[in-house]
S.K.: 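Can you read through this structure? Questions will come right after.
Residue numbering restarts at 1 for every chain, and letters A, B, ... go by the order of the sequence lines.
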2 protein chains.
Amino acid sequence: MFTIGQIAARTGTKVPTVRYYEGIGLLPEAERTAGGQRRYDRAALDRLGFIRHARALGFGLEDIRALLDIEGHGDAHAIAERQLRDVRDRMARLARLESELARIVGSCAGGGGTGPCRVLEALGDHDACAADH
Amino acid sequence: MFTIGQIAARTGTKVPTVRYYEGIGLLPEAERTAGGQRRYDRAALDRLGFIRHARALGFGLEDIRALLDIEGHGDAHAIAERQLRDVRDRMARLARLESELARIVGSCAGGGGTGPCRVLEALGDHDACAADH
DNA sequence: TATAATCCCTCTAGTGACTAGAGCTTCAAG
DNA sequence: CTTGAAGCTCTAGTCACTAGAGGGATTATA
Ligand SMILES: [Zn+2]
Ligand SMILES: [Zn+2]
Ligand SMILES: [Zn+2]
Ligand SMILES: [Zn+2]
């Protein structure tokens with residue numbers, strides 16, 4: 001049996017987060033000692049590990065709930081594919097952002113340059129942007 | 001003079017968002033009609049336009065507040081450079097995520113394949129991941 | 001057995017950047 | 001003058017936690 005601090009440490013979670021997961025029903029209610037403290041078995045540890053790994057891969061808690069609820073096959077593949085599409089969308093949007101920002105920052109030479117800073121001006125001027133955002 | 005609906009429409013903002021910006025002090029308090037409705041001049045419209053453009057470029061509201069407060073030069077360049085670094089960091093993290101997700105989704109043939117779905121299993125197995133996350 | 005250090009408990013509230021809704025008032029056009 | 005659109009304030013909800021207050025439990029050592 002593990003204390004909440006132990007499963008938190010083993011999965012790289014903060015203690016209040018573990019309680020939060022229990023509160024929203026992602027983790028089952030833990031057993032308690034006579035004094036009211038939570039104690040966990042290996043199954044709970046593994047479940048928390050799964051949750052944290054899926055979080056690290058960018059899944060939202062509702063997706064994770066769905067993944068954990070799956071008995072047979074069915075939805076897991078679709079959820080993962082959707083997540084992959086989401087990540088790729090975000091990458092594309094970030095790439096457009098990055099190119100505008102790089103242009104804006106590059107529009108003046110920086111603190112030590114000769115002229116005044118053009119950054120503020122460039123930030124206000126969407127007409128100079130190439131992509132939509 | 002513009003109504004709140006007009007400056008919202010012109011800047012691609014929702015009306016409650018404009019009121020929210022006023023509430024947190026990003027927009028100055030608008031003039032009011034005798035009946036208490038907000039009226040805006042061109043300066044307010046431009047300021048809102050700047051805010052929305054900076055938001056679209058990923059700046060947080062506190063950064064935007066700092067940008068708007070700048071009288072002379074100084075900080076604008078540094079804020080923009082930091083934002084650019086942030087965006088590049090996020091791109092790198094997303095790229096690592098994408099490669100893990102692509103591997104996981106690719107680990108089974110999909111709904112129509114022959115074997116059972118490996119996605120759920122792969123999601124739980126961080127040891128198979130190449131990058132840290 | 002006493003005490004101290006470390007952990008754990010519940011509960012509330014705050015984060016960022018809005019968004020939704022209830023219930024009401026004002027404005028502008030016809 | 002009536003009507004309908006748009007405006008008003010206020011509260012609460014979103015997501016995934018995180019911080020803090022004020023207390024209780026457990027464990028190791030003396
Ligand atoms: Zn500059
Ligand atoms: Zn732009
Ligand atoms: Zn599959
Ligand atoms: Zn992993």
S.K.: So which atom in B/Cys117 and which in A/His77 form the shortest heavy-atom distance, rounded to 0.1 Å?
M.R.: SG-ND1, 3.5 Å
S.K.: Assess whether a salt bridge exists between A/Asp46 and A/Arg42, defined as any Lys/Arg side-chain N lying under 4.0 Å from an Asp/Glu carboxylate O.
M.R.: yes
S.K.: How long is the line joining CD of A/Glu22 and P of C/dC8, in whole Å?
M.R.: 14 Å
S.K.: Check whether the side chains of A/Tyr21 and A/Arg52 place a donor and an acceptor atom closer than 3.5 Å, and report yes or no.
M.R.: yes
S.K.: Atom OG1 of A/Thr11 and atom CG of A/Leu45: how far apart are they, to the nearest 0.5 Å?
M.R.: 7.0 Å
S.K.: Classify A/Phe59 by what it touches in the nucleic acid, base, sugar-phosphate, or nothing, heavy-atom distance under 4.0 Å.
M.R.: nothing
S.K.: Of all of residues 23-36 of chain B, which get a heavy atom below 4.0 angstrom from DNA chain D, listed by number?
M.R.: B/Arg32, B/Gly36
S.K.: Give a yes/no on whether any side-chain N or O of A/Thr3 is located under 4.0 angstrom from OP1 or OP2 of C/dC8.
M.R.: yes
S.K.: Rounding to an integer number of Å, can you tell me how far A/Phe2 CZ sits from D/dT26 C1'?
M.R.: 18 Å
S.K.: Roughly, in whole Å, what's the span from CG in B/Asp63 to C1' in C/dA17?
M.R.: 14 Å
S.K.: Hey, is CD on B/Glu31 packed in by over 12 heavy atoms from elsewhere, all under 6.0 Å?
M.R.: no
S.K.: If every non-hydrogen atom of A/Ile51 is compared with every non-hydrogen atom of A/Ile64, which pair is closest and at what distance?
M.R.: O-CD1, 3.7 Å
S.K.: Whole angstrom is fine here: how far is it from CD in B/Glu62 over to P in C/dT15?
M.R.: 10 Å
S.K.: Expressed as a whole number of angstroms, how long is the span from A/Tyr20:OH to C/dC11:C1'?
M.R.: 16 Å
S.K.: Can you tell me which residue among A/Arg93, A/Glu100, A/His126 is in a side-chain hydrogen bond (donor to acceptor under 3.5 Å, both in side chains) with A/His133?
M.R.: A/His126
S.K.: Heavy atoms within less than 4.0 Å of DNA chain C: which residues of residues 4-17 of chain A have one? Give them sorted by number.
M.R.: A/Ile4, A/Gly5
S.K.: Could you state the atom-to-atom distance from OH of A/Tyr21 to C1' of D/dC15 in whole Å?
M.R.: 11 Å
S.K.: When you measure from every atom of DNA chain C, which of residues 37-58 of chain A have a heavy atom less than 4.0 Å away?
M.R.: A/Gln37, A/Arg38
S.K.: Apply salt bridge (Lys or Arg N to Asp or Glu O under 4.0 Å) to B/Arg19 and B/Glu22, showing your working.
M.R.: CA-CA 5 Å; B/Arg19 289 194 281 250; B/Glu22 181 184 308; over 6 Å; no
S.K.: Over all heavy atoms of both residues, which pair between B/Ala30 and B/Tyr40 is shortest? Give the atoms and the distance, please.
M.R.: CB-CE2, 3.5 Å
S.K.: Is any side-chain heavy atom of A/Arg90 closer than 4.5 Å to one of B/Arg90?
M.R.: no
S.K.: Donor-acceptor pair, distance only, cut-off 3.5 Å: does the side chain of A/Arg47 make one with the backbone of A/Leu26?
M.R.: yes
